[in-house]
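Computation of the quantities below employed the complete heavy-atom set of this structure, encompassing side-chain atoms and omitting hydrogens, waters and symmetry-equivalent molecules.
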Amino acid sequence: MTRWEYHVVKSATSGFWLGGHFDAEAFGTHLNELGAKGWELVSCFDTNQHQGASRDVIAILKRTL
């Protein structure tokens, strides 16, 4: 039976009223570093602040134990 380990990455947005600006390049670099260590991205979503602005971007990764 396969056993999984999970890891959550939380990346905050920035800008006026804390929403809208997201450093996708840095986020991608971080995900690639984790991928090199065996982590696989399973889900990625944002949390809403107000009027469609994103507060955080959350990524959930898994790897076998």
**Student:** Membership question, hydrophobic clusters at under 4.5 Å side-chain separation (ILVMFWY): are L34 and F27 in the same one?
**Tutor:** yes
**Student:** Examine L41 and W39 and state if one hydrophobic cluster contains both, with Ile, Leu, Val, Met, Phe, Trp and Tyr joined whenever side-chain heavy atoms are less than 4.5 Å apart.
**Tutor:** yes
**Student:** Say you draw a straight line from CG of D23 to OG of S14; how long is it, rounded to the nearest 0.5 Å?
**Tutor:** 8.0 Å
**Student:** Does the side chain of T64 come within less than 4.5 Å of W4's, by heavy atoms?
**Tutor:** yes
**Student:** Working to the nearest 0.5 Å, report the span between SG of C44 and CG of L61.
**Tutor:**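 These two atoms lie 9.0 Å from each other.
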**Student:** Is it the case that the side chain of T47 and the backbone of D56 share a donor-acceptor pair, with hydrogens and angles ignored and the cut-off at 3.5 Å?
**Tutor:**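 Checked: pair present.
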**Student:** Is it the case that the side chain of T13 and the backbone of R55 share a donor-acceptor pair, with hydrogens and angles ignored and the cut-off at 3.5 Å?
**Tutor:**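 Yes: the side chain of T13 pairs with the backbone of R55.
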**Student:** Are F45 and V9 linked, directly or through intermediate hydrophobic residues, by side-chain heavy-atom contacts shorter than 4.5 Å (ILVMFWY only)?
**Tutor:**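 Each belongs to a different hydrophobic cluster.
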**Student:** Short question: side chain of R63, backbone of K37 - any donor-acceptor pair under 3.5 Å?
**Tutor:** yes
